[in-house]
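What follows is a set of notes on a single structure, which appears directly below.
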Amino acid sequence: MRVKLTLALSDRPGVLLRALEQIAVNGGNIISIIHRRDSITSGYVPVSINVEFPDSASLERAKRGIEASGIPVIEAETLEKAICTILLIGAVKIEDLLRRVHELGSRVAEVSMTGGLTSPCIKAVIEAPSGKLGTLLASLERFADEHGALLITEW
Amino acid sequence: MLRCIIVGYGFLGKRLARLIASGALGGVKLVGIASSKGYIYKEDGFLLSDLPDDLQSSSMLRLAPASELINKRIADLLVELTPTNIRDGEPGLSHIRLALEQGMDVVTANKGPIALAYEELMELAEETGAMLLHEATVGGGIPLISLKNRCLAADELLSIRGILNGTTNYILSRMHFEGMTLDLALKEAQMLGIAERDPTLDLEGVDTALKLVILANSLMSMKKRLSDVKIKGITKITSEAIMAAKESGMTIKLIGIADENGLRVAPKLVRLNDPICVHGTLNAVSFNFRILGRLTIIGEGAGESTVSALINDIHEVVKTRMRSNRI
């Protein structure tokens, strides 16, 4: 699993190395490191590290190790996307669907419409941040109800 | 010999009566049959030649309710096969209560009483030492309940996902393969006797929900009612929607799901290579066990195959009672 770890590093030599050691001993493979020097606050530099971990348990161990070495973990964001195909049967405008999906922090990767005006059906492939698909689908269910449409999902 | 009475003399009742009276089921004799018209009984057991086509045509007919036959205490086992009533489970619920109160074992295919009053009936059975078996209420002849309760009793069932209604599956299959509209596929199903004249309970997902409640309560120790199930049926499904799914290697199936998020019935997109993606009148149920993992079982969910579930439950009663020297 790919994760973006955002750490608050004190601006002293060797601090970053302590964090990287914890990532390495827990099986993390570092993809990139970005120092956000433009966002220094109270002597701390936010650093974003993109890491590939074997599983969520190794991520949790690395987070605990980093914090135990005195470095606060500000955020651990999973970068993987969940992909789901949906059908919306009923008179729904594609742009309304796109707007709702975007508002929920997700994106429509593919969209098409069949059935014309008599029996319209939208098919869409949606990409949601991993772990947020359930919330997205629940919200789309409400969206379908508001429009008198039927939402059909894979799960 | 286990003495058995059958209450409900329709398709299933007649087939079962013939099997028992012909001696095909060892250790059982049929001593009474009841329907809404009245009842007949013969304490030394009916032979095949004694069985009437309809109870009204029998000279032995007594114009009295089935409860009178149950109260005669001439039987060890009640096979309850009256039609399902989802409002209050009657008259099946009263028949089953009456039998269990007397310590009489019960085998049933009637979904109403089991879906509406499972906990109460199981407690009553436990109090009086009677057996209550209901394999035939879900999935026709597919051994779903005995599979979990007898073969996998020690493992924990985490979720159930499946196609539990053959009528809607037939309609959706015809829409998928022939591009038919729902109305046309329904008319065809009615002509073939697959769909009832009033198909509302099937199309609206209520039949699937009843079966899901039975499975969740009896296999996952849930305490759910029909009103706890979020239900969406297939009436809004269009042939265009099915075709759109087909283009993506999927189809639409009416799926019942029981898991940690509760019970729900809805049309779902199912991949064509998913093991539960079966067609025609077939049912398919996928169990997810804590240790075993996923197990999918497929079979005919109604009609003649239901007799198989009934005779296996009856066999279980005979075996258990012979072991305890009660018969």
Side-chain angles (χ1 to χ4, degrees), chain A residues 55-57 81-94 96-98 101 106-128 130-155, chain B residues 159-163 168 172 175-176 179-185 203-205 230-277 286 288 294:
Chain A
D55 49 43
S56 56
K81 306 286 183 200
I83 296 172
C84 177
T85 302
I86 64 159
L87 294 179
L88 261 173
I89 303 174
V92 179
K93 288 180 184 163
I94 286 182
D96 289 344
L97 172 68
L98 295 177
V101 171
S106 302
R107 68 179 278 267
V108 174
E110 286 174 42
V111 65
S112 60
M113 192 164 191
T114 56
L117 290 173
T118 49
S119 51
C121 175
I122 295 175
K123 178 168 71 175
V125 178
I126 293 178
E127 286 182 5
S130 187
K132 294 195 175 162
L133 187 61
T135 316
L136 172 75
L137 294 181
S139 180
L140 287 182
E141 186 107 40
R142 288 193 294 276
F143 172 79
D145 290 344
E146 285 161 19
H147 289 78
L150 175 66
L151 175 74
I152 304 178
T153 63
E154 279 185 73
W155 298 290
Chain B
S159 66
I160 300 168
R161 175 173 166 262
I163 296 170
T168 48
L172 293 171
M175 292 173 76
H176 178 88
M180 285 182 176
T181 62
L182 189 137
D183 281 348
L184 194 59
L203 298 187
E204 299 286 358
K230 201 175 159 194
I231 309 173
K232 281 193 175 163
I234 66 161
T235 51
K236 284 186 175 174
I237 304 295
T238 59
S239 43
E240 286 83 3
I242 298 249
M243 286 309 126
K246 201 171 173 179
E247 283 164 11
S248 297
M250 300 187 218
T251 191
I252 298 173
K253 296 290 186 189
L254 184 64
I255 303 290
I257 300 169
D259 60 18
E260 73 277 11
N261 298 317
L263 308 189
R264 55 212 179 274
V265 173
K268 290 278 174 190
L269 285 165
V270 175
R271 295 195 176 272
L272 294 172
N273 61 0
D274 188 315
I276 69 160
C277 190
S286 193
N288 186 22
R294 192 172 173 191

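To find a chain, count down the sequence lines: A is the first, B the second, and so on, and within it residues start at 1. FYI, side chains are in, hydrogens and waters are out, and symmetry mates aren't considered; it's all heavy atoms of this structure.
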To the nearest 0.5 Å, what is the distance between CD (B/E240) and OG (A/S119)?
-> 3.0 Å
To the nearest 0.5 Å, atom CD1 of B/I252 lies from atom CG of A/L150 at 8.0 Å
Between B/E247, B/M243, B/K236, the one whose heavy-atom pairs under 4.5 Å with chain A are most numerous | B/K236
Counting only heavy atoms closer than 4.5 Å, note whether [X] contacts chain B via side chain, backbone, both or neither.
{"X": "A/E110", "result": "neither"}
{"X": "A/I152", "result": "both"}
{"X": "A/I122", "result": "neither"}

Side chain, backbone, both or neither: which part of B/A266 has an atom under 4.5 Å from a heavy atom of chain A?
-> neither
Which atom names give the shortest non-hydrogen contact between A/L87 and B/L269, and what distance separates them?
-> CD1-CD2, 3.7 Å
Between the main-chain N or O of B/A244 and the side-chain N or O of A/K123, is there a donor-acceptor pair closer than 3.5 Å?
-> yes
In this structure, are over 12 heavy atoms from other groups packed under 6.0 Å from A/K132 atom NZ?
-> no
